Student: 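Would you mind keeping the following structure in view while I ask a few things?
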Amino acid sequence: MSTLAVNSISKSFFAVKAVQDVSFTVGPGEIVALIGPNGAGKSTCFNMLNGQLRADSGSVVFDGYDITREKPNQIWRRGVGRTFQIAQTFGSMTVRENVQMVLHSVHDRLSGLWTPLVRSYRAEADALLGAVGMQDQAERACCFLAYGDVKRLELAMALANRPKLLLMDEPTAGMAPKERNSLMRLTASLVRERGLSVLFTEHSVDVVFEHADVVVVMSRGKLIAKGKPLEIRDNPLVQEVYLGTGAFLESSEIAQ
């Protein structure tokens, strides 16, 4: 059974068909990249998977549950982690406190913080920081971190609810090439160690081809190809889309 099954989802904004009849799966322990040029519909599709947007039609099934109409917090509780293109961290808190805050939510204690945050779930927070190579910066204020370290911290926070699926929205945006590959190698190692599945969007094609098991390609709201990285790299329609050579999306050409 697939960890995530996206079944013919569509989304329109008035006359604009942002996503049209898109289907794909993410298997257990699989890293899947969702790519496409600007305006392809990747973000709209991605946001339907964790409840930020609701599909007009079709369904999203996670771990056997239909989550199409569930809210983001409900989907998170089921075991879907998320990182964002712009990292969502608390700059005034320490690195450890950022993770402890998420752990409070995981353990349903945000409504009554009887134990001071600095003492709550400290060992669990440090274990998560150790997993992403950030334990030596646990006491440092988040606002003073290098950008690459902020992304590692956000990854630790996303792992706090022990997700089965991790959604990563352009995880390497704004990072230098060395940092990009370091973060994705770390992600790949966590996939193997923890049995995670990962779906990520990405503009850096080098990152996609090096780290993805499967690549899903969208253009103008439609799925145009899916397959192994080498298959996608050599796909004439994908090459045409990325080269921007004109009309390319006749319905008969769409990959199934």
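Atoms considered below: every heavy atom in the structure, side chains included; atoms not considered: hydrogens, waters and symmetry mates. We count residues from 1, following the sequence as given. Remember, it's a predicted structure, so these values are computed and weren't measured experimentally.
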Student: Which atom pair, heavy atoms only, marks the closest approach of A40 to S219?
Tutor: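 Closest approach of A40 to S219: CB-CA, 3.9 Å.
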
Student: Atom CZ of residue position R185 - does it have more than 12 heavy atoms of other residues, nucleotides or ligands inside 6.0 Å?
Tutor: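 Above 12, so yes.
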
Student: What is the minimum heavy-atom distance between A160 and V106, and which atoms define it?
Tutor: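 Reported closest heavy-atom pair: O-CG2, 3.8 Å.
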
Student: Does F13 belong to the same Ile/Leu/Val/Met/Phe/Trp/Tyr cluster as L49, with side-chain heavy atoms less than 4.5 Å apart forming each link?
Tutor: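 Yes; L49 is reachable from F13 via cluster members.
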
Student: Of all heavy-atom pairs between F62 and G79, which one has the smallest distance, and what is that distance?
Tutor: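 Heavy atoms of F62 and G79 come nearest at CZ-O, 3.5 Å.
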
Student: My understanding is that only one of K17, K11, R69 makes a salt bridge (Lys or Arg N to Asp or Glu O under 4.0 Å) with D56; could you say which?
Tutor: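 It is K11, the one option of K17, K11, R69 that forms the salt bridge (Lys or Arg N to Asp or Glu O under 4.0 Å) with D56.
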
Student: Given the rule that I, L, V, M, F, W and Y join up when any side-chain heavy atoms are under 4.5 Å apart, are Y147 and M157 in one cluster?
Tutor: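 Linked within one cluster.
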
Student: So, do H203 and K42 sit near enough that their side-chain heavy atoms are less than 4.5 Å apart?
Tutor: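 Heavy-atom side-chain distance check passes, below 4.5 Å.
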
Student: Looking at CZ of F46 and CE of M218, how far apart are the two atoms once the value is rounded to the nearest 0.5 Å?
Tutor: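 CE of M218 is found 12.5 Å from CZ of F46.
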
Student: Can you check whether L153 reaches V99 side chain to side chain, under 4.5 Å on heavy atoms?
Tutor: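 The answer is yes; the side chains approach within 4.5 Å.
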
Student: With a 4.5 Å limit on heavy-atom distance, are the side chains of T83 and L167 in contact?
Tutor: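 No, side chains not in contact.
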
Student: Quick one: CD on E70 to CZ on R54, what's the gap to the nearest 0.5 Å?
Tutor: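 Reported to 0.5 Å precision, the distance equals 10.0 Å.
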
Student: So, does E97 use its side chain to make a donor-acceptor pair with the main chain of T94 at under 3.5 Å?
Tutor: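 Yes, the answer is positive, given that a donor and an acceptor are paired below the 3.5 Å cut-off.
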
Student: Let me see the working for E139 and R122 under salt bridge (Lys or Arg N to Asp or Glu O under 4.0 Å), right down to the final yes or no.
Tutor: CA-CA 12 Å; E139 303 289 346; R122 185 184 178 102; 3.4 Å; yes

Student: Distance from D126 atom CG to M134 atom CE, nearest 0.5 Å?
Tutor: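 The distance works out to 12.0 Å.
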
Student: Under 4.0 Å between a side-chain nitrogen and a carboxylate oxygen: does that hold for D149 and R140?
Tutor: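 Answer for the salt bridge query: no.
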
Student: Can you tell if the side chain of C45 reaches within under 4.5 Å of the side chain of I9, non-hydrogen atoms only?
Tutor: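 Yes, side chains in contact.
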
Student: Applying the side-chain contact (heavy atoms from CB on, under 4.5 Å) criterion to V215, which one of V205, L34, I35, L230 satisfies it?
Tutor: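 When side-chain contact (heavy atoms from CB on, under 4.5 Å) is applied between V215 and each of V205, L34, I35, L230, only I35 qualifies.
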
Student: Regarding R78 and the six-membered ring of Y65, is the cationic atom NZ or CZ under 6.0 Å from the ring centre and inside 45° of its axis?
Tutor: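 Here R78 passes the 6.0 Å and 45° test against Y65.
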
Student: For the pair Y121 and H104, name the ring-plane relationship: parallel under 30°, tilted 30 to 60°, perpendicular over 60°.
Tutor: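 Rings of Y121 and H104: perpendicular, over 60°.
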
Student: Can you check whether L196 reaches L159 side chain to side chain, under 4.5 Å on heavy atoms?
Tutor: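 Yes - at least one pair of side-chain heavy atoms lies under 4.5 Å apart.
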
Student: Going through the distances and angles, do R152 and S182 end up as a side-chain contact (heavy atoms from CB on, under 4.5 Å)?
Tutor: CA-CA 10 Å; R152 286 174 177 263; S182 176; 2.8 Å; yes

Student: Is a donor from one side chain sitting under 3.5 angstrom from an acceptor on the other, for E202 and T172?
Tutor: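 Distance-only check passes for E202 and T172.
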
Student: Would you call F90 and C143 a side-chain contact if the rule is heavy atoms closer than 4.5 Å?
Tutor: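 Side-chain contact under 4.5 Å: no.
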
Student: To the nearest 0.5 angstrom, please state how far the CD1 atom of I31 sits from the OG atom of S197.
Tutor: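 If I round to the nearest 0.5 Å, the distance is 9.5 Å.
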
Student: Do M48 and T44 come close enough that some side-chain heavy atom pair is under 4.5 Å?
Tutor: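 Yes; the side chains approach each other to less than 4.5 Å.
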
Student: Please tell me if the side chains of F200 and M184 come closer than 4.5 Å, counting only heavy atoms from C-beta onward.
Tutor: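 Counting from C-beta outward, F200 and M184 do come under 4.5 Å.
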
Student: Would N7 and S59 count as having a side-chain donor-acceptor pair, cut-off 3.5 Å?
Tutor: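 A donor-acceptor contact under 3.5 Å links the two side chains.
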
Student: Give the C-alpha distance, both sets of side-chain angles, the deciding distance and a yes or no for side-chain contact (heavy atoms from CB on, under 4.5 Å) between T201 and M168.
Tutor: CA-CA 7 Å; T201 64; M168 304 180 75; over 6 Å; no

Student: Give me the atom names and distance for the closest heavy-atom approach of G221 to V22.
Tutor: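 Scanning both residues, the minimum pair turns out to be O-CG2, 3.7 Å.
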
Student: Determine, step by step, whether V32 and V198 satisfy the side-chain contact (heavy atoms from CB on, under 4.5 Å) criterion, reporting the C-alpha distance in whole Å, the side-chain angles of both residues, the deciding distance to 0.1 Å, and the verdict.
Tutor: CA-CA 6 Å; V32 177; V198 174; over 6 Å; no

Student: In Å, rounded to the nearest 0.5 Å, how long is the span from CG of L128 to CG of N98?
Tutor: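 It is 12.5 Å, given to the nearest 0.5 Å.
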
Student: Measure from the side-chain N and O atoms of S2 to the backbone N and O of V26, and report whether any donor-acceptor pair falls under 3.5 Å.
Tutor: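 Absent.
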
Student: Heavy atoms only: give me the nearest T3-G27 pair and the separation to one decimal.
Tutor: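 Taking T3 first and G27 second, the nearest heavy atoms are OG1-C, 3.7 Å.
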
Student: Pair V217, L223 - check side-chain contact (heavy atoms from CB on, under 4.5 Å), show working.
Tutor: CA-CA 6 Å; V217 188; L223 185 150; over 6 Å; no

Student: Ignoring hydrogens, what is the shortest heavy-atom contact between A158 and L166? Give both atom names and the distance.
Tutor: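 In this case the closest contact between A158 and L166 is CB-CD1, 3.7 Å.
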
Student: Can you tell me how far CG of L183 sits from CG of L155, rounded to the nearest 0.5 angstrom?
Tutor: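 Spacing of CG (L155) from CG (L183) equals 6.5 Å.
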
Student: Does CZ in R77 sit with more than 12 non-hydrogen atoms of other residues, nucleotides or ligands closer than 6.0 Å?
Tutor: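 More than 12 within 6.0 Å, yes.
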
Student: Given the rule that I, L, V, M, F, W and Y join up when any side-chain heavy atoms are under 4.5 Å apart, are V61 and V216 in one cluster?
Tutor: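 As far as the 4.5 Å side-chain criterion goes, V216 and V61 are not connected within one cluster.
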
Student: Between S8 and D21, is the side chain to side chain donor-acceptor pair (under 3.5 Å) condition met? List the steps.
Tutor: CA-CA 4 Å; S8 301; D21 196 30; 3.1 Å; yes

Student: Judged by atom type as modelled, is there a donor-acceptor pair below 3.5 Å linking the side chain of Q74 to the main-chain atoms of K71?
Tutor: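 Answer holds: yes.
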
Student: Any ion pair linking R82 and D169 (charged N to carboxylate O, less than 4.0 Å)?
Tutor: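 Salt bridge present between D169 and R82.
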
